[in-house]
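Reading through the structure tokens given below for one structure.
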Amino acid sequence: MRAALIQIAVNEDETAEERRRRAASLVIAQAGADLVVLPELWTTGAFAFGAFDAGAEPLHGPTYEAMAKAASDAGVWLHAGSIPERAEDGTLFNTSLVLSPSGDLAAAYRKIHRFGFDQGEAVLMGAGTDLVTVPLPGTTLGVATCYDLRFPELFRGLVDAGAETLVIPAGWPERRRSHWTLLAQARAVENQAFVLACGTAGTHAGVPQAGHSIVVDPWGEVLAEAGADEEVLTVEFDPATVAATRDRFPALKDRVLGLPAPRTPRP
Ligand SMILES: NC(=O)CCC(=O)C(=O)O
């Protein structure tokens, strides 16, 4: 399987519409790949909280339209990153879109863990409630978004639902780059799955972005890693490695589910 992670730069010198056009050309240039991935909230910037409301769009809005055409022009599966989605009742969600090679919306995932500790995304957006997997020819994707990467139980849920390739669009800041790399490898090792984590480059809302999109195999080895600037990271991987790794080192089978609560020792 050939994947291309588009680590697009999100800077304030470009409008959302200009970036949408640029992203569409970058996707079309990946014709021949099986799967193309864009990052989190790349139209507004993940930290541009003040832009979420004005930049919000319905599920089938301008980003979906542009990406559906790009996916079908390129003939690729496209994880189009996430958009600030305005639901019918007006609530905003951080919603990822997965499009088939014919441009149909195969899946939408509303980010479950919102970032901000009672500020920013955590107060401006609603929380998703549903885990999402997407069957592709040869592998099943499990989707999660940025801050979700810190919550291993979400990924276990995806693995239990059949995920073998974990795709994580992000707008991760440079300041916590070491966490990004470490967590991507940890999620790959503990779930014996491929991790494709696609971040943004550039600086928006005064927050320099980490870039360093990364692809990790089920043994935790880094197959490819981007630098800090805009770049398309391409990688070839064999999805059958997941089953082989889980057979050879069957740690997932040794899980003990429903552990009792810890007992407090008597003084
Ligand atoms: N957009 C995000 O979810 C940012 C997450 C982040 O900065 C972190 O987990 O650290």
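When a ligand or atom number is given, it counts from 1 through the structure's own listing order. Residue numbers count from 1 along this sequence.
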Inset, instruction - May I ask you to check if ligand 1 and Y147 share an N or O to N or O distance below 3.5 Å? - result: yes
Legend entry - The single option from R21, R20, R22 passing salt bridge (charged side-chain N to carboxylate O under 4.0 Å, His left out) against E14: R22
Legend entry - Contact atoms of ligand 1, heavy-atom distance to K111 under 4.0 Å: 1 (N), 2 (C), 3 (O)
Inset, instruction - Return the orientation label for the W180 and W172 ring planes: parallel under 30°, perpendicular over 60°, tilted otherwise. - result: tilted
Inset, instruction - Could you check T95 against Y109 for side-chain contact (heavy atoms from CB on, under 4.5 Å), going step by step and ending with a plain yes or no? - result: CA-CA 5 Å; T95 303; Y109 164 67; over 6 Å; no
Inset, instruction - May I have all residue pairs that pass salt bridge (charged side-chain N to carboxylate O under 4.0 Å, His left out) and include part of residues 85-98, sequence neighbours excluded? - result: D53-R86, E85-R110
Inset, instruction - Identify which of G45, C146, A210 has a heavy atom lying nearest to atom 2 (C) of ligand 1. - result: C146
Legend entry - Validation row, ring centre F151 to ring centre Y147 under 6.0 Å: yes
Legend entry - Distance from atom 10 (O) of ligand 1 to nearest protein heavy atom, with residue and atom: R176 NE, 2.5 Å
Inset, instruction - Could you go through the side-chain contact (heavy atoms from CB on, under 4.5 Å) check for I8 and L26 one step at a time? - result: CA-CA 9 Å; I8 198 163; L26 286 164; 4.1 Å; yes
Legend entry - Where ligand 1 meets R150 - atom numbers and elements under 4.0 angstrom, heavy-atom basis: 8 (C), 9 (O), 10 (O)
Legend entry - Element-labelled atoms of ligand 1 that are located less than 4.0 Å from some non-hydrogen atom of E40: 1 (N), 2 (C)
Legend entry - Option with minimal heavy-atom separation from atom 6 (C) of ligand 1, where the choices are W180, F115, F151: F115
